[in-house]
Protein chains: 2
Amino acid sequence: MTRAEDPKLEPNKAQSGVSQYNETLDGLFGYHLKRATNVLQLDLKHALKPFDLRMLTYTALVLIVDNPGLRQSQLAEAMDVERPNMVVIIDTLESRELIIRDRVPTDRRAYALNATLAGRRLCEKATMAVKQHEERLLHQLSPEMRQTVIAALTLIRKVGGGVAP
Amino acid sequence: MTRAEDPKLEPNKAQSGVSQYNETLDGLFGYHLKRATNVLQLDLKHALKPFDLRMLTYTALVLIVDNPGLRQSQLAEAMDVERPNMVVIIDTLESRELIIRDRVPTDRRAYALNATLAGRRLCEKATMAVKQHEERLLHQLSPEMRQTVIAALTLIRKVGGGVAP
DNA sequence: TATTGTTATACTCTATAACTATA
DNA sequence: TATAGTTATAGAGTATAACAATA
């Protein structure tokens, strides 16, 4: 029993189950951006699941691995995450002994974040998995297309950063 | 007091306050996508605030305005939202008398969603505001660039829809 | 006085199971 | 039995205020 009584409601129903009911939304850049991001995030979630990492914990781990000695406040700024929310992310990584909080001798308020060997290894494996998953989703996009998209996204970020709320 | 003791940590600090600490993440398409989406979503949030609409309520309103008689389940599918979560969104719009739930005579389980005059008017005004906000963020992108990006995002969505979890 | 990390809290979005009333 | 809408609930992500220790 299909629900095709009203043909207007199913203009281009894809095999994926995604329907298009609209024109207004299709005219909005942000709508396309959000939908595609959701798809990629969902895929990323599955890619990270075997490593018991989520988007935020993975991103934090990558940044710590690549920037030894990073402070929590710097990490929070780099990830656009509020400091209070950063704490639980760091707690999670630390409890799994993927990173450690080292006291900074010159500023006893702060912690210098460093990845453990296990953290670096997990990060490497996870990144490989993430890249594989991404490639599966992006294989239809030419290198030029990818470059253009990333350039556009970077531009948006720059403009947005300068726009007052 | 700047925090530039470690120059490696601030390779290209922008005026926006956004720092780049990384190479691994910059190689990930999804990272750029998420960051840009965050910027656009934040801007959209501010654009919709005067109308007391959020991203989800706005999207639902648009779809109902453009597709009179839509069922809740169809709306949920179109928005990639679970049916239970759809209920509260519809409740919100209905309590503000922007839409109404009409019983479907041929299927008394279902509701046909229809926008009120107030709903259509608010939708129109909100859409104008959203487009203005978007234009401010996207004015640096040429029409060709936008087309390419939207084409790429659509491709990702299609591929992602067909990828098994 | 300002900053780092922290606690507590609240709101939004998301996801699942189970119920009701219809079909 | 299957579906439409609903309820309840739990998990993430996000945001703000306020605190202790330190600068």
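Order of the sequence lines sets the chain letters (A, B, ...), proteins ahead of strands, with each chain counted from 1. Quantities reported herein were computed from a predicted structural model and do not represent experimental measurements.
- Comparing atom distances between the A:Glu82 side chain and each of D:dA15, D:dA23, C:dT16 picks out D:dA15 as nearest.
- Of the candidates D:dA12, D:dA4, D:dT7, the closest approach to any side-chain atom of B:Val87 belongs to D:dT7.
- Nearest-nucleotide positions on DNA chain D place B:Lys45 closer to the 5' end than the other of A:Pro105 and B:Lys45.
- A:Leu75 places a side-chain heavy atom less than 4.5 Å from the side chain of A:Ile90.
- For B:Arg109, the side-chain atoms get nearest to D:dA4 when compared with the rest of D:dA4, C:dT14, D:dT6.
- Using modelled atom types, no side-chain atom of A:Gln140 and backbone atom of B:Leu155 make a donor-acceptor pair closer than 3.5 Å.
- The base of C:dT22 lies outside donor-acceptor range of the side chain of B:Arg108, with no N or O pair under 3.5 Å.
- The side chain of B:Arg71 places no N or O atom within less than 4.0 Å of a non-bridging phosphate oxygen (OP1 or OP2) of D:dG5.
- Of the side-chain N and O atoms in A:Ser73, one or more sit less than 4.0 angstrom from OP1 or OP2 of C:dG5.
- Per the geometry, NZ belonging to B:Lys49 stands 14 Å off C1' belonging to C:dT12, to the nearest Å.
- B:Ile90 comes within contact range of no nucleotide atom at all, as no heavy-atom separation falls under 4.0 Å.
- The distance between atom CG of B:Leu48 and atom P of C:dT12, rounded to the nearest whole Å, is 14 Å.
- Among the atoms of the strands shown, base atoms are found under 4.0 Å from some heavy atom of A:Asn85.
- A side-chain donor-acceptor contact under 3.5 Å links B:Tyr58 and B:Thr127.
- The distance from atom CG of B:Leu93 to atom C1' of D:dG5 is 16 Å, rounded to the nearest whole Å.
- Distance CZ (B:Arg54) to C1' (C:dA10): 14 Å, rounded to an integer number of Å.
- Within the 4.0 angstrom heavy-atom criterion, only backbone atoms of the sugar-phosphate kind lie near A:Arg101; the bases stay farther away.
- One atom, CD1 of A:Ile89, and another, P of D:dA15, lie 12 Å apart when rounded to the nearest Å.
- Among the protein residues, B:Gln72 comes within range of the sugar-phosphate backbone only, with heavy atoms under 4.0 Å from sugar or phosphate atoms but none that close to a base.
- Nucleic acid contact class of B:Arg83 (heavy atoms, under 4.0 Å, all strands): base.
- If you check the side chains of A:Arg103 and A:Tyr111, you find a donor sitting under 3.5 Å from an acceptor.
- Atom CG in A:Asp107 sits roughly 11 Å away from atom C1' in D:dA21 (whole-Å rounding).
- One can place CE of B:Met86 at 13 Å from C1' of C:dT14, the figure rounded to the nearest angstrom.
- One interatomic measurement links the two molecules: CG of A:Asp102 to C1' of C:dG5, which rounds to 15 Å at whole-angstrom precision.
- A salt bridge does not link B:Arg121 with B:Glu97: none of the charged nitrogens is closer than 4.0 Å to a carboxylate oxygen.
- For B:Leu56, the side-chain atoms get nearest to C:dC13 when compared with the rest of C:dC13, C:dG5, C:dA2.
- Ranked by how close their nearest DNA chain C nucleotide is to the 5' end, A:Pro84 and A:Leu42 are led by A:Pro84.
- Looking at A:Arg146 and B:Phe29, their side chains come closer than 4.5 Å, going by heavy atoms from C-beta outward.
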